[in-house]
Amino acid sequence: MKSLTKDGYRLLHEGVQALSIVEGNGIKVDVDYLKQTIVSISEKIKALEADYKEHDVFRQWKKRYGEKMKLSSREQLGNVLFKVMEYPVYAYTDTNRYSTDEAALNSVDDPFVNAYLEVERLKKARGTYLRGIAREVGPDGFLHPSFNLHTIVTYRSSSDRPNFQNIPIRNPQIAELVRRAFLPRAANRHLVEIDYGGVEVKVAACYTEDPQLLKYIKDPTTDMHRDMGMQCYCLSPKQMTSSARKAAKSKFVFPEFYGNIYTACAKDLWKGIDEFGLVMPDGTSMKKHLAKKGWKKLGACDPKHSPRPHTFEKHIQLVEKDFWGKRFKVYAQWKQDWWQAYKKKGWFDTLTGFRIHGLYKHNEVVNYPIQGSAFHCLLWSLIRLVKKELRNHGFKSIIVGQIHDSIVADVHHKELKPFLRLCQEVMVDQLTKAWPWIIVPMEVDFEVAPEGKSWFEKETYELN
DNA sequence: AAACAGTGCGCG
DNA sequence: AAAGCGCGCACTGTTT
């Protein structure tokens with residue numbers, strides 16, 4: 001990090017100061033719950049592993065490795081499945097070993113792998129999270145994760161000891177297991193999360209000034225993810241569902257914005273049909289519906305070969321072409337121009353006051369300014385709240401963490417509404433005034449856990 | 001024993 | 001133009 005502007009320097013300097021206060025505040029942890037849960041999960045893992053012996057894969061594994069057999073060795077498992085038992089190889093790693101991630105194991109039609117994946121999920125929760133948190137928690141029952149600003153190439157932040165920015169949430173069972181350990185610091189307080197809605201898309205619109213993207217953001221009657229759901233799965237407005245919207249958002253729109261290509265998107269959208277339980281309103285299956293539309297099977301999804309006709313892959317190739325060629329063509333042009341300018345100069349500037357020098361790939365050059373500046377919106381607001389507003393208002397409520405586009409706070413019950421109002425004023429009104437390059441409306445969403453209850457129990461909260 | 005590369009997986 | 005971006009952490013297997 002050389003060549004910063006004065007504004008950029010000041011943001012990081014004050015950011016470090018504000019985050020050190022957040023680190024000092026810390027988060028209350030239910031240590032007894034952690035201890036008990038580690039024990040009960042260990043018993044569950046033991047019981048599940050006892051059933052392994054019934055399976056052929058386990059017997060073959062034992063036969064091949066004997067004393068050296070290790071259930072935690074994916075390399076051994078890969079050799080047993082793909083070499084010994086000769087299941088079809090799903091993929092290879094960078095160093096030409098058998099790929100044994102979740103997708104590769106799911107491709108194997110054997111009951112053992114389902115049990116194995118379930119146990120591995122529990123072990124991840126126990127090891128990285130329950131034990132990881134228990135190891136770092138202080139004798140007073142508070143956790144003080146570090147937040148770093150000076151080591152991240154994109155100009156976002158990171159967190160460690162433990163990493164507070166990757167606590168499970170997507171898998172509801174695992175989320176409950178881990179998040180029940182996080183509590184407010186007193187029975188009359190709430191854990192609260194305030195997040196910027198769609199901030200990366202909004203910042204992308206500020207850089208690219210794409211009129212279509214701006215319209216989607218400014219006109220609340222439009223919905224980009226809904227439109228893309230209809231297009232990807234060939235649905236009419238009446239056939240469209242919220243699950244198809246979610247699938248399109250996470251499997252097409254965001255990946256495309258970050259530079260993924262249609263082959264990978266097609267594969268994920270196809271997988272998403274089962275993952276999101278997508279069916280037609282009349283009960284017919286989504287795959288049958290797509291076949292009727294002329295897309296009969298997934299296709300090879302190999303970037304080296306062009307897609308075969310009547311495949312879903314072919315369809316998504318056309319959707320992608322429309323996405324960048326028609327729908328967001330100004331965004332596409334911006335990416336080209338931005339990349340060309342970088343190649344000529346050797347650096348690029350962010351809207352938040354940084355000049356980024358060095359050797360970067362195309363996707364990095366077009367993604368970093370957007371990811372970095374989106375986080376800087378959060379950082380600016382956090383600084384203003386921690387170093388100024390919360391003090392001036394004499395609040396007992398404090399900020400205890402930060403997750404890229406959201407703030408986690410420990411809030412006194414009596415201060416709940418004024419605290420949220422203040423956050424909204426800083427994160428929306430004050431920020432927009434301070435940074436005139438923000439040419440779209442910002443918004444924040446609130447989640448609040450009941451008084452004295454854990455982080456797992458947070459719920460959407462309407463401020464009025 | 002410590003360090004390293006590789007793999008996998010949790011989050012935004 | 002390249003074939004999504006970033007981060008931290010646990011674990012294996014190998015080397016120092």
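Naming convention: chains lettered A, B, ... in sequence-line order (proteins, then strands); numbering from 1 in each chain.
When distances are taken from the side chain of Asn163(A) to each of dG6(C), dG10(B), dT7(B), the shortest belongs to dG10(B). Among the nucleotides dC9(C), dT12(C), dC5(C), the one closest to any side-chain atom of Arg135(A) is dC9(C). Distances from the side chain of Thr100(A) to the nucleotides dG4(C), dG6(C), dG8(B) place dG8(B) closest. The side chain of Thr128(A) lies closest to dC9(C), out of dG8(B), dC9(C), dG13(C).
Separating the CG atom of Asn166(A) from the C1' atom of dA10(C) is a distance of 12 Å, rounded to the nearest angstrom. The nearest whole Å value for the distance from the CD1 atom in Ile167(A) to the P atom in dA10(C) is 12 Å. One interatomic measurement links the two molecules: OH of Tyr98(A) to C1' of dG13(C), which rounds to 18 Å at whole-angstrom precision.
No donor-acceptor pair closer than 3.5 Å links the side chain of Tyr155(A) to the backbone N or O of Phe375(A). In this structure, Trp437(A) contributes its side chain and Leu351(A) its backbone to a donor-acceptor pair below 3.5 Å. Judged by distance alone, with hydrogens and angles left aside, the side-chain atoms of Gln371(A) form no donor-acceptor pair with the main-chain N or O of Tyr368(A) at under 3.5 Å.
With salt bridges taken as basic N to acidic carboxylate O contacts below 4.0 Å, one links Glu275(A) and Lys251(A).
Aromatic ring pairs are classed by plane angle as parallel below 30°, tilted from 30° to 60° and perpendicular above 60°; the pair His315(A) and Phe312(A) is tilted.
dG6(C) and dA2(C) have their P atoms separated by 15 Å, given to the nearest Å. To the nearest whole angstrom, the two C1' atoms, one in dA1(C) and one in dC5(C), are 16 Å apart.
Contacts of Lys70(A) with the nucleic acid, taken as non-hydrogen atoms under 4.0 Å apart, involve only primed sugar atoms and P, OP1 or OP2. Note on Gln336(A): nothing from the nucleic acid sits closer than 4.0 angstrom, heavy atoms only. Among the protein residues, Pro255(A) comes within range of no part of the nucleic acid, since none of its heavy atoms lies under 4.0 Å from any strand.
In this model, the phosphate group of dG6(C) is approached by a side-chain N or O of Tyr368(A) to a distance below 4.0 Å at OP1 or OP2.
Between Lys343(A) and Gln371(A), the residue whose closest nucleotide on DNA chain C is further toward the 5' end is Lys343(A).
For a distance-only test at 3.5 Å, the side chain of Arg170(A) qualifies as a donor-acceptor partner of the base of dG12(B).
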